[in-house]
Amino acid sequence: MNDLYIGVDIGSVSINIVGLDDSKDMQFKLYKRNPGSPVEVVKEGLASLNKKLKDRFKIAGVGVTGSGRQLIGYILGADIVKNEITAHATATIEQVPDVRTIFEIGGQDSKLIVINNEIVTDFAMNTVCAAGTGSFLDHQAERLGVEIEEFGDLALQATKDVRIAGRCTVFAESDMISKQQYGFTKPEIINGLCEALVRNYFNNLVRGKELHPRFVFQGGVAANAGIKAAIEKEINDEVIIPDNHDVMGAIGIALLAQEEMREKDEPSSFKGFSITHDNFETSSFICEDCANECEVIRIQANGKTIAMTGDRCGKWASDPRDIDVKDETSA
Ligand code: SF4
């Protein structure tokens, strides 16, 4: 049996799972919209990975990244849990070792990562303003009656520039309607929207930072040729779109899991594929044992507590117990 390293990226819009073999070749890839139940998506994804690879591979390491990394990390028994910046940078450096600048634009957030000599020296994240993320384009595509997949190619057909005021989605929509009324064509409007997104991205994240080549553009939105062209126009340079640009976070954390396990030289703490049959429940309670009054998150599998987190002193995390508490929330 060959070794397999699983990388899981839990984002707010998509959940990505990859399986890399010892030679870092991708044996499994899943990009799935997050319908708001990440645990179920991860269970389904792992079940499908197991079905495809169980006769050829054994799990040698598991890494989890993304905004929901702590919960999924506990559930899977991850060997490594790291933030998205580290995971994305790791995957990019593997493919483009001399990268200096990463533009990452996802469905609902975007990032700028600055790298020097394979080390992250600066970064910025936007999780608040939709106007610099893929959801801005999704919204406008729907308004124009165009499939988002066609957006990029249509943008490239524009023969004239038109500036859309895209500071926020509401402004963009009203400006787009008036530009349509002036007679600008659909490709010109779409190109204007792509440029508006890129302007927002640069206004929110770049803010005067000095950027150096080589430039890499990744994230789900990197499939859009119109945005790529708009970024290249903005920086007056070429951007590279890496292979599997839509799952770079998952690739990065799988690579980090591989590195971690090689250093540790011990078996993975992965809880096994039986978890795909378990029922998980998340709830929280307020610990009143001191003035901090921490909100402690409790994760149960089949009614039994498997992990607790959120306690500042660590008293619950180090000893997760089945206690009778009044839940504040449950999911
Ligand atoms: S979890 Fe620890 S730090 Fe938080 S309220 Fe309870 S005793 Fe205090």
Side-chain angles (χ1 to χ4, degrees), residues 6-13 15-17 34-43 45-46 59 61-90 108-109 111 120 123-128 249-250 252-253 256-257 259-261 263-264 266-272 274-331:
I6 299 178
V8 182
D9 183 0
I10 308 293
S12 50
V13 167
I15 291 178
N16 309 323
I17 302 178
N34 181 356
S37 50
V39 176
E40 290 310 309
V41 175
V42 169
K43 278 165 64 178
L46 288 183
I59 307 307
V62 176
V64 183
T65 186
S67 51
R69 60 187 178 273
Q70 296 298 352
L71 169 67
I72 301 297
Y74 279 124
I75 288 176
L76 299 184
D79 299 296
I80 188 165
V81 176
K82 289 260 183 201
N83 65 64
E84 306 91 298
I85 299 292
T86 307
H88 275 273
T90 302
Q108 245 168 26
D109 58 21
K111 305 173 193 66
V120 174
F123 70 90
M125 273 177 91
N126 164 33
T127 52
V128 182
I253 199 67
L256 289 165
E259 199 180 300
E260 172 88 0
M261 299 318 285
E263 270 169 25
K264 271 199 206 160
E266 55 187 51
S268 169
S269 52
F270 176 49
K271 293 195 178 134
S274 60
I275 59 147
T276 59
H277 304 297
D278 289 342
N279 289 316
F280 294 97
E281 195 179 338
T282 308
S283 57
S284 74
F285 63 91
I286 304 295
C287 173
E288 292 175 344
D289 291 358
C290 85
N292 282 333
E293 297 196 348
C294 302
E295 184 184 12
V296 183
I297 311 288
R298 180 168 60 157
I299 304 156
Q300 292 178 294
N302 306 322
K304 187 174 179 338
T305 301
I306 56 165
M308 292 201 196
T309 182
D311 49 344
R312 289 192 215 171
C313 64
K315 69 181 272 189
W316 298 100
S318 58
D319 181 20
R321 285 156 276 173
D322 284 310
I323 46 161
D324 191 17
V325 288
K326 183 177 173 300
D327 287 342
E328 300 290 320
T329 61
S330 64

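Numbering of ligands and ligand atoms starts at 1, following listing order.
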Query raised in the report: Just how far is it from atom CD1 of Ile75 to atom CD1 of Ile275, taken to the nearest 0.5 Å?
Result: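 Between atom CD1 of Ile75 and atom CD1 of Ile275 there are 7.5 Å.
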Report summary line: Rounded to the nearest 0.5 angstrom, the CD1-CZ distance for Ile72 and Phe280 is 8.5 Å
Query raised in the report: Is the backbone N or O of Asp278 less than 3.5 Å from a side-chain atom of Lys43, with the two atoms forming a donor-acceptor pair by type?
Result: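 At least one qualifying donor-acceptor pair exists.
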Query raised in the report: Going by the atom numbers of ligand 1, which of them fall below 4.0 Å from some non-hydrogen atom of Glu293?
Result: 5 (S)
Query - Counterpart residues, side-chain contact (heavy atoms from CB on, under 4.5 Å), relative to Ala317 (two or more places apart) - result: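 side-chain contact (heavy atoms from CB on, under 4.5 Å) list for Ala317, sorted by chain: Asp311.
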Query - Partner residues of Lys271 under the salt bridge (charged side-chain N to carboxylate O under 4.0 Å, His left out) criterion, sequence neighbours left out - result: none
Report task. Around atom 2 (Fe) of ligand 1, list the protein N/O/S atoms within a radius below 2.8 Å, excluding water molecules. Result -> Cys313 SG
Report task. Can you tell me which residue pairs pass the side chain to side chain donor-acceptor pair (under 3.5 Å) test with a partner in residues 74-85, sequence neighbours excluded? Result -> Arg69-Glu84, Asp79-Ser268, Asp79-Ser269, Asn83-Thr86
